[in-house]
Undergrad: 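Below is a structure I'd like to ask you about.
These numbers come from a predicted model, not from an experiment.
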Amino acid sequence: MNLQLKDKRAVVTGSTSGIGFAIAAALAGEGASVVVNGRTQERVDKAVEKLKETVSTADVQGVAVDLSTSEGVKIFTDKIPETDILVNNLGIFEPKEFQDITDDDWLKFFQANVMSGVRLSRYYLPKMKMQDWGRIVFISSESGINIPVEMIHYGVSKSAQLSVSRGLAETTKETNVTVNAILPGPTASEGAMTFVEQMADESGTSKDAMKEQFFTDARPSSLLQRFIEPKEIGNFVAFICSPLSAAINGAALRVDGGVVRSMI
């Protein structure tokens with residue numbers, strides 16, 4: 001399928017690995033010009049090189065900056081003043097008992113997971129409206145609906161993304177700009193797999209056994225009963241970013257492997 005993304009520029013935050021990289025690769029594969037982002041120049045350079053190897057025709061550049069700060073967003077938007085597509089993928093997670101989550105932890109998660117997208121959308125959305133075309137996508141999580149007891153602050157930040165996304169969509173009425181949120185389920189990203197390996201080491205079991213135990217204990221409602229591959233998320237997001245998805249706006253779209261039992 002031709003997603004009609006040739007000559008579109010796309011910004012994907014937090015895209016040096018995992019879901020973000022898979023989204024960048026899917027967009028590049030469809031002909032979009034892609035900007036990848038990470039906090040360090042080394043990781044950004046490696047991601048740019050890998051993306052060019054993955055998609056031989058990729059038109060890609062990288063910007064290394066911490067988008068969890070207002071200063072970082074200013075640096076980024078000075079370098080990338082316009083974009084047709086904004087994918088707010090930047091996010092952090094950390095399992096932590098509720099009583100141990102400090103005020104600083106809460107603020108750190110809100111700045112990274114919520115305010116990065118708020119600030120970038122505040123900058124790019126008016127420009128999209130002026131050109132009467134654009135796509136903004138927030139990469140939320142099924143954890144925004146099923147708040148995980150082991151990291152409540154993360155779940156709350158993902159719920160906030162859903163609210164921001166729907167609110168911004170309301171401002172796009174009668175335009176060709178859309179704002180949507182994606183809710184991935186447990187995904188085999190770099191961070192998640194590192195977490196699984198740590199749990200396996202601590203419990204003295206194998207990585208494969210820990211993966212099975214995760215779905216038995218933590219996500220028993222999953223219909224897929226395996227970790228989703230990042231490219232499976234990337235392909236779907238590429239469609240949502242395309243002109244073909246014009247009728248989808250203000251939606252919270254689940255790519256969760258059936259973890260969420262609600263039908264809506």
Side-chain angles (χ1 to χ4, degrees), residues 3 12-15 17-27 87-95 109 112-114 117 135-169 178-196 199 207-208 210-242 244-245 247-264:
L3 296 185
V12 185
T13 68
S15 47
S17 65
I19 291 175
F21 181 85
I23 293 170
L27 291 169
V87 181
N88 291 308
N89 174 73
L90 172 63
I92 57 175
F93 76 96
E94 177 190 28
F109 271 70
N113 295 0
V114 183
R135 298 286 184 267
I136 295 179
V137 180
F138 286 80
I139 306 302
S140 180
S141 169
E142 53 87 14
S143 293
I145 298 175
N146 293 333
I147 307 297
V149 67
E150 71 273 13
M151 45 184 179
I152 293 172
H153 52 336
Y154 172 76
V156 169
S157 71
K158 292 299 174 178
S159 297
Q161 285 183 314
L162 300 179
S163 296
V164 172
S165 174
R166 178 65 202 192
L168 291 182
T178 68
V179 185
N180 293 290
I182 310 297
L183 286 70
T187 304
S189 64
E190 180 181 322
M193 291 302 94
T194 298
F195 177 53
V196 168
M199 290 194 299
K207 182 178 176 180
D208 289 341
M210 183 53 63
K211 286 181 180 179
E212 291 183 10
Q213 184 178 333
F214 176 84
F215 287 97
T216 299
D217 298 343
R219 297 294 187 276
S221 62
S222 169
L223 302 179
L224 197 61
Q225 285 294 300
R226 66 166 173 81
F227 282 93
I228 299 165
E229 292 299 324
K231 66 180 181 180
E232 294 174 311
I233 308 296
N235 291 335
F236 183 73
V237 174
F239 168 73
I240 297 302
C241 291
S242 78
L244 303 184
S245 68
I248 303 173
N249 195 9
L253 304 161
R254 302 202 310 259
V255 193
D256 66 336
V259 169
V260 179
R261 285 192 166 121
S262 168
M263 292 183 290
I264 59 173

Undergrad: For residues Thr178 and Asn249, is any side-chain donor paired with an opposing acceptor at under 3.5 Å?
TA: no
Undergrad: What's the spacing between Ser143 OG and Met151 CE if we round to 0.5 Å?
TA: 5.0 Å
Undergrad: Among Ser15, Ser242, Cys241, exactly one meets side chain to side chain contact (heavy atoms under 4.5 Å, CB included) together with Leu27. Which residue is that?
TA: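 Per the side chain to side chain contact (heavy atoms under 4.5 Å, CB included) rule, the option paired with Leu27 is Cys241, out of Ser15, Ser242, Cys241.
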Undergrad: So, taking the atom named OG in Ser157 and the one named CD1 in Ile152, what distance separates them when rounded to the nearest 0.5 Å?
TA: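 With rounding to 0.5 Å, OG (Ser157) is 12.0 Å from CD1 (Ile152).
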Undergrad: Any side-chain heavy atom of Phe21 within less than 4.5 Å of one from Pro230?
TA: no
Undergrad: Is the shortest side-chain heavy-atom distance between Tyr154 and Asn113 below 4.5 Å?
TA: yes
Undergrad: Decide side-chain contact (heavy atoms from CB on, under 4.5 Å) for Arg135 and Ile240; before the verdict, give the C-alpha distance in whole Å, the side-chain angles of both, and the deciding distance to 0.1 Å.
TA: CA-CA 8 Å; Arg135 298 286 184 267; Ile240 297 302; 5.8 Å; no
Undergrad: To the nearest 0.5 Å, how far apart are CD in Glu212 and CE in Met210?
TA: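 Separation between the atoms: 11.0 Å.
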Undergrad: Verify, without hydrogens or angle tests, whether Asp256 (side chain) and Leu183 (backbone) share a donor-acceptor contact under 3.5 angstrom.
TA: no
Undergrad: Would Val164 and Phe138 satisfy side-chain contact (heavy atoms from CB on, under 4.5 Å), going step by step from the backbone distance to the final call?
TA: CA-CA 9 Å; Val164 172; Phe138 286 80; 3.8 Å; yes
Undergrad: Using a strict 4.0 Å threshold on nitrogen-to-oxygen distance, state whether Lys158 and Glu142 make a salt bridge.
TA: no
Undergrad: Do Met193 and Lys207 make a side-chain contact, defined as non-hydrogen atoms from C-beta onward lying under 4.5 Å apart?
TA: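 Side chain of Met193 against side chain of Lys207, heavy atoms only: contact under 4.5 Å found.
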Undergrad: Compare every heavy atom of Val12 with every heavy atom of Gly20, then report the nearest pair and how far apart it is.
TA: O-CG1, 3.6 Å
Undergrad: Identify the two heavy atoms, one from Pro148 and one from Arg219, that lie closest to each other, and give their separation to 0.1 Å.
TA: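 Minimum heavy-atom separation between Pro148 and Arg219: CB-NH2, 4.2 Å.
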Undergrad: Without swapping roles, check the side chain of Asn180 against the backbone of Ala251 for a donor-acceptor pair under 3.5 Å.
TA: yes
Undergrad: Less than 4.5 Å apart, side chain to side chain, heavy atoms only: is that true for Ile23 and Ile139?
TA: yes
Undergrad: Can we call the ring centroids of Phe93 and Phe109 under 6.0 Å apart?
TA: no
Undergrad: Checking side-chain contact (heavy atoms from CB on, under 4.5 Å) for the pair Val259/Ser221: CA distance, chi angles, key distance, verdict?
TA: CA-CA 5 Å; Val259 169; Ser221 62; 3.7 Å; yes
Undergrad: Identify the two heavy atoms, one from Ser165 and one from Ala181, that lie closest to each other, and give their separation to 0.1 Å.
TA: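 Closest pair (atom of Ser165, atom of Ala181, distance): OG-N, 3.4 Å.
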Undergrad: Supply the atom-to-atom distance Ser222 OG to Arg261 CZ, rounded to the nearest 0.5 angstrom.
TA: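 Result: 10.5 Å between the selected atoms.
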Undergrad: Is Glu232 salt-bridged to Arg226, cutoff N-O under 4.0 Å?
TA: yes
Undergrad: Kindly give the heavy-atom pair with the smallest separation between Thr13 and Asn89, and that separation in Å.
TA: OG1-N, 2.9 Å
Undergrad: Between Thr187 and Phe227, is a side-chain contact (heavy atoms from CB on, under 4.5 Å) present by the stated rule, with each step listed?
TA: CA-CA 5 Å; Thr187 304; Phe227 282 93; 5.8 Å; no
Undergrad: I need the minimum non-hydrogen distance between Gly257 and Ile228, along with the two atoms involved.
TA: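 Between these two residues, the closest heavy atoms are N-CD1, 3.9 Å.
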Undergrad: Any side-chain heavy atom of Ser262 sitting closer than 4.5 Å to one from Ile145?
TA: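 Heavy-atom side-chain distance check fails, nothing below 4.5 Å.
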Undergrad: Say you draw a straight line from CD of Glu229 to OG of Ser189; how long is it, rounded to the nearest 0.5 Å?
TA: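 It comes to 10.5 Å.
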Undergrad: Find out whether Phe236 and Pro184 are in side-chain contact, i.e. whether some heavy atom of one side chain is under 4.5 Å from a heavy atom of the other.
TA: no
Undergrad: Taking Thr194 for the side chain and Glu190 for the main chain, is one N or O donor matched with an acceptor at less than 3.5 Å?
TA: yes
